Protein chains: 2
Amino acid sequence: MATYQADGWEILGDPSRRAIVECLAVRPRAVGELADELPISRPAVSQHLRVLKDAGLVEDEAAGTRRVYRLNPAGVSALRDQLDMFWRRTLEGFQEIVEEEDEEKS
Amino acid sequence: MATYQADGWEILGDPSRRAIVECLAVRPRAVGELADELPISRPAVSQHLRVLKDAGLVEDEAAGTRRVYRLNPAGVSALRDQLDMFWRRTLEGFQEIVEEEDEEKS
DNA sequence: ACGAACGGTAAGCTACGACTTACCGATGCG
DNA sequence: CGCATCGGTAAGTCGTAGCTTACCGTTCGT
């Protein structure tokens with residue numbers, strides 16, 4: 001896999017990209033369909049799809065003159081894990097502090 | 001709370017900010033200490049801390065001439081929840097697709 | 001075989017975010 | 001009291017991510 005994980009956060013840091021992911025989560029779509037639902041142009045969508053594809057988050061499939069994109073299960077869960085790692089590392093040392101604070105969450 | 005959640009992803013999208021959070025997770029620190037451990041200047045750290053504070057992720061406490069920052073448990077878990085919501089929404093509709101794919105990995 | 005639909009790519013513009021230097025107020029110490 | 005340390009703020013620079021328009025190749029339909 002030459003997925004070359006671009007840090008995860010960089011990828012989902014962009015709102016348009018998150019929208020695309022959420023959109024594809026509902027069901028696979030062609031590029032034009034995505035562009036219709038988003039406030040950006042079709043080329044912009046194409047560029048985002050490229051990033052998502054490089055990250056292994058989506059895969060594409062030719063369907064006639066159209067190109068249908070869908071989420072890639074493996075890529076999605078890989079990214080999810082990567083982000084979870086951050087939280088794990090953070091909350092790990094952080095746990096002690098929380099315990100000191102005890103009841104703080106109102 | 002006028003925390004005004006700046007979308008979560010925007011906040012942790014920046015590597016320096018993530019580094020600060022991880023750093024504070026270990027133990028509270030003064031601004032200068034943070035600047036020493038990071039490859040950026042002290043004012044830059046200050047600006048990041050501002051963002052993190054506005055987001056309710058950290059809280060500060062005056063200690064003499066120094067100002068000690070620490071993670072805010074409530075803010076951290078709130079942010080975590082917010083990000084989890086994205087995953088939940090995404091994976092929800094996505095689940096069906098995964099089941100269709102069944103064994104597709106490898 | 002021609003025209004239309006679809007989508008990827010190139011080139012260029014723009015806006016914004018991160019960083020720096022410079023300055024200032026506040027606090028602690030001799 | 002000055003003097004030094006610490007940190008927040010202002011102002012300005014710079015890089016880059018995201019967007020658009022324009023163009024081109026490919027595929028389907030008739």
Side-chain angles (χ1 to χ4, degrees), chain A residues 2-24 27-72 79, chain B residues 2-24 27-72 79:
Chain A
T3 46
Y4 206 84
Q5 295 274 22
D7 207 30
W9 256 288
E10 307 294 334
I11 296 170
L12 292 181
D14 182 74
S16 299
R17 230 128 54 195
R18 282 199 302 275
I20 290 176
V21 169
E22 291 195 79
C23 222
L24 291 181
R27 60 177 164 82
R29 311 207 188 217
V31 179
E33 291 181 78
L34 286 169
D36 285 342
E37 311 213 20
L38 299 176
I40 59 179
S41 70
R42 189 190 48 70
V45 172
S46 254
Q47 290 160 10
H48 283 306
L49 285 172
R50 168 110 104 134
V51 173
L52 294 173
K53 187 179 173 184
D54 286 348
L57 265 181
V58 304
E59 33 188 32
D60 57 333
E61 181 189 2
T65 165
R66 315 200 312 162
R67 197 147 257 267
V68 177
Y69 281 80
R70 65 169 76 182
L71 288 189
N72 174 14
L79 184 78
Chain B
T3 46
Y4 205 86
Q5 297 272 23
D7 206 29
W9 256 288
E10 308 293 334
I11 296 170
L12 293 181
D14 184 74
S16 298
R17 231 128 55 196
R18 282 198 302 274
I20 290 176
V21 169
E22 291 195 79
C23 221
L24 291 181
R27 60 178 165 79
R29 312 207 187 217
V31 180
E33 293 181 77
L34 286 169
D36 285 340
E37 311 213 19
L38 299 176
I40 59 179
S41 70
R42 188 190 48 71
V45 173
S46 253
Q47 290 160 10
H48 283 306
L49 285 172
R50 168 109 104 131
V51 173
L52 293 173
K53 186 179 176 186
D54 286 348
L57 265 181
V58 303
E59 34 189 32
D60 56 333
E61 182 189 0
T65 165
R66 314 198 314 161
R67 197 146 258 267
V68 177
Y69 280 80
R70 67 168 79 180
L71 287 189
N72 174 15
L79 184 78

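The basis for the numbers below is simple: all heavy atoms, side chains too, and nothing from hydrogens, waters or symmetry mates. In what follows, every chain begins at residue 1, and chains take the letters A, B, ... in the order their sequences are listed. All values reported here derive from a predicted model rather than from experimental measurement.
Comparing atom distances between the A:Val31 side chain and each of C:dG8, D:dG8, C:dC19 picks out C:dG8 as nearest.
A:Arg27 has a carboxylate O that lies under 4.0 Å from a charged side-chain N of A:Glu33, or vice versa, which qualifies the two as a salt bridge. Ionic pairing of A:Arg18 and B:Asp7 is present here: one or more N-O contacts between side-chain nitrogen and carboxylate oxygen are shorter than 4.0 angstrom. Between B:Glu59 and B:Lys53, none of the side-chain N atoms (NZ, or NE/NH1/NH2) sits under 4.0 Å from a carboxylate O, so this pair counts as no salt bridge.
Between A:Arg29 and A:Leu24, the closest side-chain pair of non-hydrogen atoms falls below 4.5 Å. At a threshold of 4.5 Å between non-hydrogen side-chain atoms, the residues B:Leu71 and B:Val58 count as touching.
To the nearest angstrom, C1' of D:dA17 lies 8 Å from CZ of A:Arg17. Atom CG in B:Leu49 sits about 14 Å away from atom C1' in C:dA18, given to the nearest Å. Atom pair A:Leu12:CG and D:dA17:P shows a separation of 16 Å (rounding to whole Å applied). Here the P atom of nucleotide D:dA17 and the CD1 atom of A:Ile40 are 16 Å apart, to the nearest Å. As a whole-Å value, the separation of B:Leu34 CG from D:dG8 P is 10 Å. Look at CD1 on A:Ile11: it is 18 Å from P on D:dT16, rounded to the nearest Å. Rounded to whole angstrom, the span from the NZ atom of B:Lys53 across to the P atom of D:dG8 amounts to 8 Å. Regarding B:Arg67, its CZ atom lies at a distance of 14 Å from the C1' atom of D:dT9, rounded to whole Å.
Distances shorter than 4.0 Å separate some side-chain N or O of A:Ser16 from OP1 or OP2 on D:dC19. At the phosphate of D:dA17, neither OP1 nor OP2 sits under 4.0 Å from any side-chain N or O atom of A:His48. Taking side-chain N and O atoms only, A:Tyr69 has a distance below 4.0 Å to OP1 or OP2 of C:dG8.
The nearest heavy atom of DNA chain C to A:Arg66 and to A:Pro43 marks one nucleotide each, and the one closer to the 5' end goes with A:Arg66. Positionally, the nearest nucleotide of DNA chain D for A:Ser41 lies more toward the 5' end than for the other of A:Ser41 and A:Gly64. Each of A:Arg50 and A:Thr65 was matched to the nucleotide of DNA chain C holding its nearest heavy atom; the match closer to the 5' end belongs to A:Thr65.
At a threshold of 4.0 angstrom between heavy atoms, the contacts of A:Ala30 are confined to the sugar-phosphate backbone, with no base atom among them.
With hydrogens and angles ignored, a donor-acceptor pair closer than 3.5 Å exists between the side chain of B:Arg42 and the base of D:dG8.
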